Amino acid sequence: MEDSPENRGEWMFENILGQEAVVTRIMEDVGTQALPGAVLFNGPEYAGKLSTALELARSLSCTQKNAPWNCSCLSCRQHRVLMSPYTLMLGHRYFADEIRLCGKSLSGDDREGNRYLFLRAVRKLTNRFEPLLWEGEDQKLGKASRIIDEIEESLDPLQPGRPGTGEKERAGILEKLYGETDKLLQLLPADGATVNMIRRLTAWTHISGGDSRKTIIIENAERLNDAASNSLLKILEEPPTKTNFILTTTRLTGLMPTLRSRLRVYTFPQRSQKTEQEVLNRIFRIQGSEYAGLRDVFLGIRTGDELSVTEAAQTLFDLVQNGGEGAYLRLRSFVTAFTALPPQSRREAVRHVLQETGGLFRNCLASPQGEQPHSPEWYQAMLQRIDLQYQRLEGYNIGPETVFEQIFFGGILKDA
């Protein structure tokens with residue numbers, strides 16, 4: 001998310017806030033030529049994984065020492081506006097919410113940094129329709145191409161370097177772009193990438209790009225189906241020279257074990273609330289403590305509400321761990337709050353709550369035995385149940401009622 005160039009330092013990665021340890025490790029591996037051809041960025045959403053992946057792709061192809069952000073080489077100029085012909089992007093992402101949040105920043109402030117921020121948010125989506133990935137799907141690609149042409153035409157007055165626009169004119173352009181990008185979203189595969197896409201990118205990696213380095217970024221790789229994962233596994237066994245694969249995940253256990261074994265894992269920890277507020281202030285121009293953190297901002301941007309994932313996760317955790325008289329009635333009230341959310345936000349909200357609730361159970365499992373009301377085996381079983389419900393949420397169209405009730409009753413039955 002840290003994509004605003006006016007906040008950049010002189011060298012690469014300096015604006016990936018709160019991830020100094022993992023960024024230092026990546027830079028050391030790049031500097032000593034120890035970076036393998038296939039890596040995995042593991043960590044929660046909004047931790048800066050994609051921003052780091054994009055900056056790594058730019059730095060690997062830069063012709064200058066230390067890859068300064070404002071490098072004037074052709075490759076860096078293309079990377080800054082996400083137009084490099086040697087970078088492919090696949091996978092699921094919270095596109096609509098990110099585009100609207102970046103649009104909110106741009107609507108009230110037309111500075112260059114906000115223009116880059118919004119432009120890159122939109123192109124993270126449009127880049128998913130690289131024609132080589134959609135070969136043989138002429139009808140869908142043709143429809144997508146027409147929408148992308150409309151998007152690029154609408155984007156033109158908002159591009160960095162263009163004359164400024166008035167606030168009213170900008171608002172109209174942004175609303176039009178929201179509608180156009182929403183239409184484009186409907187054409188994406190549910191898993192983020194199909195097996196045919198993986199096969200096509202595999203063929204592309206074997207085509208000579210001269211001296212250019214190719215980078216393939218696959219977000220939320222845990223969502224790939226078995227066929228796509230198996231196809232990817234083959235190319236990861238021995239990536240072609242001058243080709244880098246960067247996968248990201250929010251759930252390491254969701255990846256096929258054989259796939260994980262071929263990737264060097266770089267872990268992005270959850271950032272502190274103070275650092276998240278710094279991201280909100282510096283990147284998105286959101287001041288003060290209007291929201292609890294980045295997750296709440298991204299969910300609230302769609303619903304118009306201030307949603308606290310942390311509070312929801314704590315409530316679910318308490319209901320499962322402590323139970324007691326009236327617990328099920330409190331659970332029903334808890335579930336009602338999620339069923340009332342708009343469909344486009346509901347699934348994401350449930351996913352976030354499951355992630356954070358799992359973190360609370362892991363904290364208990366790490367505590368000395370005897371300090372918690374249940375045995376370590378109980379907490380381990382609950383983590384497995386949460387992971388199972390997460391998989392069901394990803395793979396099937398099930399509602400929050402089923403997800404939360406399965407976790408709740410699992411805790412009671414395991415304790416009985």
Side-chain angles (χ1 to χ4, degrees), residues 1-9 15 17 46 48 50-51 54 69-70 77-83 93-128 146-186 275-307 341-342 344-345 348:
M1 290 179 306
E2 294 89 326
D3 290 317
S4 177
E6 72 175 11
N7 291 320
R8 293 277 180 176
N15 206 44
L17 303 178
Y46 321 126
L50 179 60
S51 292
L54 290 169
W69 169 257
N70 291 322
R77 295 202 306 271
Q78 292 172 330
H79 273 282
R80 279 194 291 271
V81 292
L82 299 192
M83 292 293 284
R93 187 173 177 80
Y94 41 88
F95 297 106
D97 295 344
E98 182 176 23
I99 289 168
R100 280 166 170 78
L101 184 57
C102 295
K104 182 178 180 182
S105 299
L106 179 60
S107 64
D109 189 340
D110 196 28
R111 73 181 73 184
E112 287 284 282
N114 287 346
R115 290 188 178 205
Y116 269 106
L117 187 71
F118 182 74
L119 175 70
R120 287 167 66 95
V122 172
R123 287 193 175 149
K124 288 171 188 175
L125 170 60
T126 59
N127 283 353
R128 260 56 173 187
R146 289 190 292 273
I147 297 172
I148 291 172
D149 286 344
E150 294 174 2
I151 288 172
E152 287 295 333
E153 184 178 349
S154 299
L155 273 175
D156 191 62
L158 303 179
Q159 298 255 14
R162 295 286 193 274
T165 55
E167 192 167 338
K168 185 175 181 180
E169 177 188 2
R170 211 157 52 245
I173 295 172
L174 290 171
E175 281 302 319
K176 184 179 180 182
L177 280 163
Y178 297 154
E180 291 166 345
T181 52
D182 281 348
K183 286 189 291 183
L184 193 59
L185 272 170
Q186 303 306 312
T275 303
E276 289 201 344
Q277 191 62 57
E278 186 180 358
V279 172
L280 292 174
N281 293 345
R282 289 180 55 182
I283 307 300
F284 298 107
R285 317 298 178 189
I286 296 176
Q287 303 293 325
S289 56
E290 179 184 358
Y291 296 97
L294 288 162
R295 291 163 302 183
D296 300 337
V297 171
F298 273 95
L299 292 174
I301 204 74
R302 274 302 190 93
T303 64
D305 298 325
E306 295 180 29
L307 300 176
L341 290 173
Q344 65 269 28
S345 299
E348 292 303 305

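Values in this document were obtained by computation on a predicted structure and should not be read as measured data. Keep in mind that the numbers below use all heavy atoms, side chains included, and drop hydrogens, waters and symmetry copies.
Between Leu155 and Leu177 the shortest side-chain heavy-atom distance falls below 4.5 Å. Here the side chains of Lys124 and Glu98 are in contact, with some heavy-atom distance below 4.5 Å. With a 4.5 Å cut-off on side-chain heavy atoms, Thr181 and Phe95 do not count as touching. You'll find the side chain of Arg170 reaches within 4.5 Å of the side chain of Leu106, heavy atoms only. Residues Val81 and Arg120 fail the side-chain proximity criterion, which asks for heavy atoms closer than 4.5 Å.
In this structure Thr126 satisfies the side-chain hydrogen bond (donor to acceptor under 3.5 Å, both in side chains) test with no other residue, sequence neighbours excluded. Residues forming a salt bridge (Lys or Arg N to Asp or Glu O under 4.0 Å) with Glu167 (at least two apart in sequence, or on another chain): none. With sequence neighbours excluded, the residues satisfying side-chain contact (heavy atoms from CB on, under 4.5 Å) with Pro157 are Thr165, Ile173.
With rounding to the nearest 0.5 angstrom, the CG atom of Leu174 is 6.5 Å from the OG atom of Ser107. The OH atom of Tyr94 sits 9.5 Å away from the CG atom of Leu101 when rounded to the nearest 0.5 Å.
Salt bridge Arg100/Asp182: present, at least one basic N to carboxylate O contact under 4.0 Å.
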Quiz: residues 146-153 side-chain donor-acceptor pairs under 3.5 angstrom, not counting sequence neighbours:
| residue | atom | partner | partner atom | Å |
| --- | --- | --- | --- | --- |
| Arg146 | NH1 | Gly142 | O | 3.4 |
| Glu152 | OE1 | Arg123 | NH2 | 2.9 |
| Glu152 | OE2 | Arg123 | NE | 3.2 |

Step-by-step side chain to side chain contact (heavy atoms under 4.5 Å, CB included) determination, Glu180 to Lys176: CA-CA 6 Å; Glu180 291 166 345; Lys176 184 179 180 182; 3.1 Å; yes
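For Leu158 against Arg115, the heavy-atom pair with the smallest separation is O-CD, 3.2 Å.
Judged by distance alone, the side chain of Asp109 and the main-chain N or O of Asn114 form no donor-acceptor pair under 3.5 Å.
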